[in-house]
Each structure stands twice: as structure tokens, then as C-alpha cells.
Amino acid sequence: MRTQLLGSNLDCLTLSETLKVIEGIIKKGIPTQHVVINANKINLMHEDAKLRDIVNASPLINADGSSIVLAGKVLGHDIPERVTGIDLFEKLLEICNDKGYRPYFLGATQEVIEKIESHYKQKYPNMSFAGFRNGYFQAEESADIADTIRESKADVLFLAFSSPQKEYWASEHLERLDVPFVMGVGGSFDVIAGKTTRAPGWMQKAGLEWFYRFIQEPRRMFRRYFIGNLRFLNHIKNEKIKSWKAARYHERRSNERNY
């Protein structure tokens, strides 16, 4: 079920439902860009029309952050659960291994991508990998990289750039890549490679994963999580007021018609 939340389209799906949709996309073979939304992405979309258009044009949009689930409750949307990028990434690799789909990994530093390659080749020794490449290159190299990925016959591309760069890059090169499913995974490669750590399970369930990231990198994350979260709450407040005004308007019009 698709709804609209805070200016963004959103598919209200569980992780298992999302995986079924992705399998259908891969089988069709039509290049498709997947995106997720969280508080930071919503803030960026309110400032960046290009990003907003890319996100809203995506056939599959998941709620990555607990902030989105909370906003859904406040604004009356039934969002069953958050579908985090890293969880979806790991589950999709299991499907690739089971079904013979070929994944390509693009992003992060050379050191991290080498660790990613080693980790997954050990974990899935029978998987056919399409390729691995770090994310450090000049803009003019993008077309050649996209050609290389197309020639690899990848079924899935995992793109470990930050936002909005990953959305821009995937959107710009989607047809050239000719990969059925293109998914941004943010910092997931760094977590898998051990460069950063993910919050304990209890913090994830409590919606405090953002705070765990903040205490790891307080100077870098302060603006995003403290100033950014206040901006996000303001977007919720404005949306709530708009909904309330619309409801009052329709109620008044209905009363007028009944007289």
C-alpha cells in the first residue's frame, strides 16, 4: 500500500513483503531504483527538488528510520515496521545466494570494499559475484563505471554512497547500468567491514539507533541529529496542522450543505 508522508511517497511494507516485491522486480529485468526515507532524507527533500523528484518517482520506497514510523502514527498512516537499509541488504544477499542472482558492490574506500569482498566470498562461497569497486572516482569516470557494471550482467547493484549522491548517481545512470535492481545502502559496507558498529538490538528496537551513531561521531553527527531532528519534528507539526485545517474545512462545507 502506497501513501504520502511529509511530501514523500512511501510504500507501507514489511521487510518480507519488500523482499517479495524486489524478487518480482529482478525477474522482470527492468532497471529500477529503490530508495528509503528517514528524518534526514525528508529534511533534504524539503530543500532539494531534484532529490524529491527522484525519490517520489521510485517504484519502491521504504521507511528506513523509526522517525518515519513515529511520524506515520502521529499523522494517521499505517506503517507496519521500519525496513532498514542494512537489514534489507543482508536479506537480499541471502536471496541472491539462493536464487543465483549476481550482486555488484560499489562504494566506500578501497580498504573497506576489499573487506566486503573477502567477507562475502567466505560467507557465500558458491555465489557468482558480478563485481566490487570502491566509491572514489571522478565524475567523468561515472559513465565508464556504469558501462563496466552493465557488462558484468549484475542483477543487483548495492551502492554505498551517502545521500543525496547515491540517489543522484543511480538516477542519472540507471538506464546505462541496465541492472534490474539498484539499491543505496549508505554506510552498510562500513558496518559489515567493522569500520563502524551498529547499535545494540535494544537500542534499535527503542528507536535510538540515531543516538548510538551520534555518540560514535558527535561532531559530525550533531547537526544532522539534533538540529535535523528538530526540523523533522517541525515538518510533522506543519503537516498535522495542515491536516487539521483540511478536516475543519471539509466539516464546515459539509455542515453548510446540510442546511
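Worth knowing before you read on, the calculation uses all heavy atoms, side chains too, and leaves out hydrogens, waters and symmetry mates. Quick caveat, the model's predicted, so the values are computed rather than measured.
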Show the atom names and distances, to 0.1 Å, of all donor-acceptor pairs under 3.5 Å that link a side chain in residues 80-90 to residues at least two apart or in another chain.
unit_1	atom_1	unit_2	atom_2	d
E81	OE2	L15	N	2.7
R82	NE	D64	O	3.1
R82	NH1	E209	OE1	3.2
R82	NH2	D64	O	3.2
R82	NH2	E209	OE1	3.2
T84	OG1	D87	N	3.2
T84	OG1	D87	OD2	2.7
T84	OG1	R198	NH2	3.4
D87	OD1	R198	NH1	2.8
D87	OD2	R198	NH2	3.3
E90	OE1	Y120	OH	2.9

So do the side chains of [X] and [Y] get within less than 4.5 Å of each other, counting heavy atoms only?
X    : Y    : result
W169 : L174 : no
F158 : I116 : no
V156 : Y104 : no
V182 : P31  : no
L44  : S163 : yes
I22  : Y101 : no
I192 : H119 : yes
L60  : F181 : yes

Rounded distance [0.5 Å steps], [atom1] in [X] versus [atom2] in [Y]:
X    : Y    : atom1 : atom2 : answer
T32  : I30  : OG1   : CD1   : 6.5 Å
I61  : C12  : CD1   : SG    : 10.5 Å
I145 : F137 : CD1   : CZ    : 4.0 Å

[Y] versus [X], side-chain donor and acceptor atoms under 3.5 Å:
X    : Y    : result
N234 : K237 : yes
Q4   : S8   : no
S243 : E239 : no
N62  : T18  : yes

What is the minimum heavy-atom distance between [X] and [Y], and which atoms define it?
X    : Y    : value
D48  : P164 : OD2-CG, 4.3 Å
A143 : R176 : O-NE, 3.4 Å
N56  : G7   : ND2-O, 3.2 Å
A193 : V112 : CB-CG1, 3.8 Å
F161 : G107 : CE2-CA, 3.9 Å
P180 : D155 : CD-O, 3.4 Å

Go through the structure and list residues passing side chain to side chain donor-acceptor pair (under 3.5 Å) with [X], not counting sequence neighbours.
X    : result
E141 : none
E117 : K121
E151 : none

Of K41, Q33, R52, K50, which is the lone residue that meets side-chain hydrogen bond (donor to acceptor under 3.5 Å, both in side chains) with E167?
K41
Applying ring-ring contact (aromatic ring centres under 6.0 Å, His included) to F129 and not counting sequence neighbours gives F132
Got a sec, which residues hit ring-ring contact (aromatic ring centres under 6.0 Å, His included) with H235, two or more places apart in sequence or on another chain?
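If we apply the ring-ring contact (aromatic ring centres under 6.0 Å, His included) test to H235, skipping adjacent residues, the hits are H46.
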Using the rule that Ile, Leu, Val, Met, Phe, Trp and Tyr join whenever any side-chain heavy atoms are under 4.5 Å apart, tell me whether [X] and [Y] fall into a single cluster.
X    : Y   : value
I25  : V55 : no
F232 : I37 : yes
Y124 : L92 : yes

Could you tell me whether R2 and D11 make a salt bridge, using a distance below 4.0 angstrom between a side-chain N and a carboxylate O?
yes
